[in-house]
S.K.: 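Submitted below is the structure of interest, expressed as structure tokens.
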2 protein chains.
Amino acid sequence: MEQKTGAGSRDKVLQAAMAMFGENPGARLSVRAVAARAGVSTGSLRYHFPTQRALQDAVLTGIYDVITPDDRIHDRSAPARDRLIDCLRQVLALAGVGEQARAGWGEIFKTYIEPEPTDENRAAYLAIEREAQRRVEHWLTVLSNEGALAEGDNSRRARFLVTVLNGLSIARALPSEESILATETETLHAAVDYVLDSRS
Amino acid sequence: MEQKTGAGSRDKVLQAAMAMFGENPGARLSVRAVAARAGVSTGSLRYHFPTQRALQDAVLTGIYDVITPDDRIHDRSAPARDRLIDCLRQVLALAGVGEQARAGWGEIFKTYIEPEPTDENRAAYLAIEREAQRRVEHWLTVLSNEGALAEGDNSRRARFLVTVLNGLSIARALPSEESILATETETLHAAVDYVLDSRS
DNA sequence: ACCTGAACACCGTTCAAGT
DNA sequence: ACCTGAACACCGTTCAAGT
């Protein structure tokens, strides 16, 4: 029947870290702060997450599972900004983190970048791209309809956001300093703020 | 006639910092390391450069004024926006287009994404990344100094712009419809507008 | 196998004290 | 005005020691 007590340290740490990230996505998530919040020692934290980067990756992955898979965009109880960010984060979550992110871009590279592009796989990639574009554009349309987004060229805005998402997702596959979590959040917010404030 | 002896601490610090940056652009440039190399105390360093950020900005400005004195960014006859876009486009130009872009990303992929990252190439990539970041940040500093850019966190802004550049440059390597030129320009303008208008 | 907490080697910033 | 260096409050990581 126990579950609080029985919760492994790994889970406690992850819970704490995700809670802290939820409260302040720009937070630093230091070893000691997370360990304290989780009620474990720094040594234990390090045992489960050998590196600070590993912890941040786990948080990034965990967020995806928590965020509802169906369209958060319609949940009018939350600010438009938050909902759009949520949705974009979901897209980003598909890219994964660490090895998964590297494998994902590996696939894309081997299929669409390395070989001389044939008409066929050109079309295949364009379909994927268009799908992503369409999805983001849909979210913008929803926000437009409820007046949270000024009149404007939504497909242009979507293109902008998709470009930012691509930049962020390749950053996940490349080496990085341990602060990806905070910087990714910052950049995502910046992009969304631009779109929501743009009067063009 | 004296100049070595008479060199003020400020200069000694700046010299040391620039030398260290020159030797290893990926270096951390910590207070103590720079102060030691300059032969002054950390307190003195802080007196002239109240913050670590201030020191790095000074180095950045110094370096690029030496290396590329005729950077387009200094051409005050043109609007800030145009100059910044110009500079960013130059970065993008290095990525090339078509086959060249594909080959470029191929190199990056094979070196930094595909293989399990060793400490060594991790560091190598981070140096490149930091260099790009610093370059963009330098441009922002120049615009800041002439009042074309509101007070704010320039390294954050630079991170945003670099992410957009990455997104745009990978788009150059991937299949795309024939309108890349226009859409790339749109997105680039959007990103720059965001930075120039941001009051945060 | 899991966990502890001290210890290590760093950070950047502040500040009383000197000249 | 300029400079010193100790002190403060942090980092992330390592590791002998416990259970």
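Heavy-atom basis, side chains included; hydrogens, waters and symmetry copies ignored. Protein chains get the first letters and strands the later ones, always in sequence-line order, with residue 1 at the start of each.
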S.K.: Identify whether the distance between the nearest side-chain nitrogen and carboxylate oxygen of B:E184 and A:R159 falls below 4.0 Å.
M.R.: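 Answer for the salt bridge query: no.
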S.K.: Looking at B:Y47, does any N or O in its side chain come under 4.0 Å of the phosphate oxygens OP1/OP2 on D:dC2?
M.R.: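 Indeed, a polar side-chain atom of B:Y47 lies that close.
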S.K.: Expressed in angstrom and rounded to an integer, what is the separation of A:L45 atom CG from C:dG5 atom P?
M.R.: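 Roughly 13 Å, once rounded to whole Å.
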S.K.: Take the angle between the ring planes of A:Y194 and B:Y194 and call it parallel below 30°, perpendicular above 60°, tilted in between.
M.R.: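 Perpendicular: the ring planes of A:Y194 and B:Y194 meet at over 60°.
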S.K.: Please give, in whole Å, the distance from D:dT13 C1' to A:Q56 CD?
M.R.: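 Going from CD in A:Q56 over to C1' in D:dT13 covers 15 Å.
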S.K.: Does B:T51 reach the main-chain N or O of B:A54 with its side chain, forming a donor-acceptor pair under 3.5 Å?
M.R.: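 No: the side chain of B:T51 does not pair with the backbone of B:A54.
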S.K.: For D:dC3, take OP1 and OP2 only and decide whether either is under 4.0 Å from a side-chain N or O of B:H48.
M.R.: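 Indeed, a polar side-chain atom of B:H48 lies that close.
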S.K.: B:R28 side chain: which of C:dT13, C:dG12, C:dC3 is closest?
M.R.: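 That would be C:dG12.
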S.K.: When you check the phosphate oxygens OP1 and OP2 of C:dT13, does a side-chain N or O of B:T42 lie under 4.0 Å from one of them?
M.R.: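 Negative; the distance criterion is not met.
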S.K.: Is there a donor and acceptor pair, one atom on the side chain of B:R46 and one on the base of C:dG12, closer than 3.5 Å?
M.R.: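 Result: no qualifying N/O pair found.
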S.K.: Starting at the 5' end of DNA chain D and moving along, which residue's nearest nucleotide shows up first, B:R10 or B:R32?
M.R.: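 Closest to the 5' end, via its nearest nucleotide, is B:R10.
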S.K.: What integer distance in Å separates B:K12:NZ from D:dC2:C1'?
M.R.: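 To the nearest whole Å, that distance equals 12 Å.
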S.K.: Checking base pairs now: Watson-Crick or wobble, both atom distances under 3.5 Å. What partners C:dG18?
M.R.: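 Base partner found: D:dC2.
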S.K.: What is the base-pairing partner of D:dG12, counting Watson-Crick and G-U wobble geometry with both distances under 3.5 Å?
M.R.: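 C:dC8 - that is the nucleotide pairing with D:dG12, both distances being under 3.5 Å.
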S.K.: Can you tell if the side chain of A:P117 reaches within under 4.5 Å of the side chain of B:R102, non-hydrogen atoms only?
M.R.: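 A side-chain contact under 4.5 Å exists here.
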S.K.: Is the distance from OP1 or OP2 of C:dC3 to the nearest side-chain N or O of A:S9 less than 4.0 Å?
M.R.: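 For A:S9, the contact criterion (side-chain N or O under 4.0 Å from OP1 or OP2 of C:dC3) is met.
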S.K.: From CZ of A:R53 over to P of D:dT13, roughly how many Å is that when rounded to an integer?
M.R.: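 Rounded to whole Å, this separation is 12 Å.
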S.K.: What is the distance from CG of A:L55 to P of D:dC11, rounded to the nearest Å?
M.R.: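 It is 13 Å, rounded to the nearest whole Å.
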S.K.: Pick base, sugar-phosphate or nothing for A:S30, based on heavy-atom distances below 4.0 Å to the nucleic acid.
M.R.: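 Touches sugar-phosphate only.
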S.K.: Find out whether A:R122 and B:S176 are in side-chain contact, i.e. whether some heavy atom of one side chain is under 4.5 Å from a heavy atom of the other.
M.R.: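 Side-chain contact under 4.5 Å: no.
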